[in-house]
Amino acid sequence: MSLESTKPVNINYQKIWQTVLCIPKGRVASYGQIADLAGLPGKARLVGRALGFAPKKLNVPWQRVINSQGKISFPIGSEYFDKQKGLLQSEEIVVLNGRIKLKEFQWQPDLTELLFTLQY
DNA sequence: TAAGTGACGGAGG
DNA sequence: GCCTCCGCCACTT
């Protein structure tokens, strides 16, 4: 029976997790940015979903991914908002009213570095 | 098959 | 800076 290939999109999830793992401590990236780097331009929503499915053992730094406006994508005051804010602040990233200054903290990946890190 | 749903993005007011 | 609307796309019902 067709158990195996149930969901081919999982391959994309792994690309996304790989890319997120490349974000250095103290930096952030937007969902769209991750989608682009993962070879999935325009699929920012997929990134959000992938992070929700990311297994804990992978230790994916999901907190370093925010939306294109530089804001945390959870409602202010929610459990996950507080968790993400706390994690970011522990990396010395400034979070003001759920917002992060992209100008200061956005990750600007080095292409050559990426070529060595990403294996696809 | 169609309609609904989102950890999104961009344009416009 | 904030909000709304619309396009988008994978997934669910």
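Side chains are part of it too, since the values below use all heavy atoms of this structure and drop only hydrogens, waters and symmetry mates. As the structure is a prediction and not an experimental result, all values here were calculated from the model. Note on naming: letters A, B, ... go to the chains in the order of the sequence lines (proteins, then strands), and numbering restarts at 1 for each one.
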Take the protein atom CG of A:N12 and the nucleotide atom C1' of C:dA10, then report the distance between them rounded to whole Å.
10 Å
Of the candidate nucleotides C:dC11, B:dG9, C:dG1, which contains the atom at the shortest distance from the side chain of A:Y13?
C:dC11
Test of understanding: with side chain to side chain contact (heavy atoms under 4.5 Å, CB included), list the residues that count as partners of A:P41, not counting sequence neighbours.
A:D36
May I have the distance from A:N67 (atom CG) to C:dC2 (atom P), rounded to whole angstrom?
12 Å
Taken to the nearest whole Å, CH2/A:W62 to P/B:dC8 is 13 Å
With a 3.5 Å distance limit and no angle check, can you tell me whether A:E91 reaches the backbone of A:G26 through a side-chain donor-acceptor pair?
yes
In whole Å, what is the span from the CG atom of A:L46 to the C1' atom of C:dC8?
12 Å
Least distance between heavy atoms, A:W107 atom then A:A29 atom:
CE3-CB, 4.1 Å
Of all the nucleotides listed (B:dA7, B:dC8, C:dC11), which has the minimum atom distance to the side chain of A:R45?
B:dC8
Determine whether a donor-acceptor pair (N or O, by modelled atom type, separation under 3.5 Å) exists between the side chain of A:N67 and the backbone of A:Q69.
yes
OP1, OP2 of C:dC8 versus side-chain N and O of A:K43: anything below 4.0 Å?
no
Consider the side chain of A:F74, meaning its heavy atoms from C-beta on, and name the nucleotide among B:dA7, B:dG9, C:dC11 that approaches it most closely.
B:dA7
Separation of C:dG1 P from A:I76 CD1 (nearest whole Å):
13 Å
Expressed in angstrom and rounded to an integer, what is the separation of A:L102 atom CG from C:dG1 atom C1'?
14 Å
Relative to the 5' end of DNA chain C, which residue comes earlier, A:F53 or A:Q69, by the nucleotide with the nearest heavy atom?
A:Q69
When rounded to whole Å, the CD1 to C1' distance for the pair A:I72 and B:dC8 reads 16 Å
How many Å lie between CD on A:Q84 and C1' on B:dA7, as a whole number?
8 Å
Nearest-neighbour nucleotide for the A:L51 side chain, B:dC8, B:dA7, C:dC11 considered:
B:dA7
With sequence neighbours excluded, what pairs up with A:F74 under the ring pair (Phe, Tyr, Trp, His ring centres under 6.0 Å) test?
A:Y80
Comparing A:R49 and A:S68 on DNA chain B - which has the more 5′ nearest nucleotide
A:R49
